[in-house]
Amino acid sequence: MRRDCDTAVVENRSVGSALKAELRRELLAARRALPPEAAAAAAASLARRALELPELADAGTVAAYVSVGTEPGTRELLDGLRRAGKRVLLPVLLPDNDLDWAAYEGPGSLAEAAHPGKMRLLEPAGPRLGPQAVTAADAVLLPGLAVDGRGMRLGRGGGSYDRVLERLERAGAHPALVVLLYDDEVVARVPEEPHDHPVQAVATPSGVRRFSS
């Protein structure tokens, strides 16, 4: 019986992974089709909406990220957070896909970083604070591809933010978790796996939606 149960769990995880991969392909294709001017307008609107969030207005430290490729733009948001007096932490990708952190000191503090097999990233050039630095954040802004009505987030599949969320849980830290998305990426249902963590809110160019715990 135990072997049958273990086999069922493995099969369910495989199905969940396959469904996630299919949904990722669809969402990434939609992002690639977005005209540059529409993406720029969405980034400006997203910054305004996110800065209205009480979770960010009340935060002393915000862990954020620099958008890359077709992700909803975050550069205006990062500068808005700094102007509001927030301490902003940005991730630094480690060789094992875990994340270190460093403070954002403005656009001039970012440097292009090359990682084997990955697209080039903009990362903060300042002193590294260690992976545990994120546990001091009052709010954590998460990249993603979709979120559903339960707050279940679909990431890109690299596992970096799964580690961040696990680290927060182990530390007993409870920052506000907010995913940044385009409007049409709030979907009916996201396939989930046992390691997935729900977020409290999503910010899109047209508004903010909160999820009950």
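Along the sequence shown, the residues carry numbers beginning at 1.
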Single-linkage hydrophobic cluster, 4.5 Å side-chain cutoff, L94 and V164 together:
no
Applying a strict under-4.5 Å side-chain criterion to I, L, V, M, F, W and Y, I'd like to know whether L99 and L142 cluster together.
yes
Pairing residues for E37 by the side chain to side chain contact (heavy atoms under 4.5 Å, CB included) criterion, not counting sequence neighbours
P35
Distance (rounded to the nearest 0.5 Å) between L28 CG and R156 CZ
5.0 Å
Applying side chain to side chain donor-acceptor pair (under 3.5 Å) to Q132 and not counting sequence neighbours gives R167
Minimum heavy-atom separation for H197 and E166, please, with both atom names.
CE1-CG, 4.1 Å
Is it the case that one hydrophobic cluster holds both V134 and L78, taking links as side-chain heavy atoms less than 4.5 Å apart, direct or via other members?
yes
Work out which heavy atom in P91 is nearest to a heavy atom in A64; give both atom names and the distance.
CD-O, 3.1 Å
Can you name the residues that form a side chain to side chain contact (heavy atoms under 4.5 Å, CB included) with A39, not counting sequence neighbours?
L34, Y182
For P191 and L19, which heavy atoms make the closest approach, and how far apart are they?
CG-CB, 3.6 Å
S109 (side chain) donor-acceptor with A125 (main chain) under 3.5 angstrom:
no
Check the hydrophobic clustering (I, L, V, M, F, W, Y; side-chain heavy atoms under 4.5 Å; chains of links allowed) and say if V140 and M152 are grouped together.
no
When you look at E193 and D162, which way does the side chain to side chain contact (heavy atoms under 4.5 Å, CB included) test go after all the steps?
CA-CA 11 Å; E193 295 177 85; D162 290 330; over 6 Å; no
Does the E112 side chain pair with the main chain of R120, one donor and one acceptor, at a distance under 3.5 Å?
no
Run V178 and V199 through side chain to side chain contact (heavy atoms under 4.5 Å, CB included) and show every step you take.
CA-CA 6 Å; V178 182; V199 299; over 6 Å; no
The side chain to side chain contact (heavy atoms under 4.5 Å, CB included) partners of A146 (sequence neighbours excluded) come to L27, L154, V187, V190
When you compare the side chain of E105 with that of R82, does any pair of heavy atoms fall below 4.5 Å?
yes
Is the backbone of A42 close enough, under 3.5 Å, to the side chain of S45 for a donor and an acceptor to pair up by distance?
no
With sequence neighbours left out, what residues match R163 under side chain to side chain donor-acceptor pair (under 3.5 Å)?
D96
My understanding is that only residues two or more places apart in sequence, or in another chain, count here; which of them pass side chain to side chain contact (heavy atoms under 4.5 Å, CB included) with A44?
R48, E76
Between Y161 and L141 the two heavy atoms that sit nearest each other are CE2-O, 4.4 Å
Answer whether the closest heavy-atom distance between the side chains of P107 and R75 falls below 4.5 Å.
yes
Scan V62, L121, D100, L110 and name whichever one has a side chain to side chain contact (heavy atoms under 4.5 Å, CB included) with L90.
L110
R128: side chain to side chain donor-acceptor pair (under 3.5 Å) partners, not counting sequence neighbours:
none
May I have all residue pairs that pass salt bridge (charged side-chain N to carboxylate O under 4.0 Å, His left out) and include part of residues 83-93, sequence neighbours excluded?
none
Considering residues at least two apart in sequence or located in another chain, which fulfil the side chain to side chain donor-acceptor pair (under 3.5 Å) criterion with D148?
R150
So how far is it from L81 CG to L89 CG, rounded to the nearest 0.5 Å?
11.0 Å
Please output the side-chain donor-acceptor pairs of residues 53-61 that fall under 3.5 Å, not counting sequence neighbours, one pair per line with the distance.
from : atom 1 : to   : atom 2 : distance (Å)
E55  : OE1    : R210 : NH2    : 2.8
E55  : OE2    : R210 : NE     : 3.0
E55  : OE2    : R210 : NH2    : 3.3

How far apart are the closest heavy atoms of G158 and N97, and which atoms are they?
O-ND2, 3.4 Å
Least distance between heavy atoms, A103 atom then P124 atom:
O-CB, 3.7 Å
What pairs meet the salt bridge (charged side-chain N to carboxylate O under 4.0 Å, His left out) rule with one or both residues in residues 168-186, with sequence neighbours excluded?
R31-E185
Applying a strict under-4.5 Å side-chain criterion to I, L, V, M, F, W and Y, I'd like to know whether L122 and L93 cluster together.
yes
Please tabulate, one pair per line, all N/O donor-acceptor pairs under 3.5 Å involving side-chain atoms of residues 65-72, not counting sequence neighbours.
from : atom 1 : to  : atom 2 : distance (Å)
S67  : OG     : T74 : N      : 3.0
E71  : OE1    : V68 : N      : 3.0

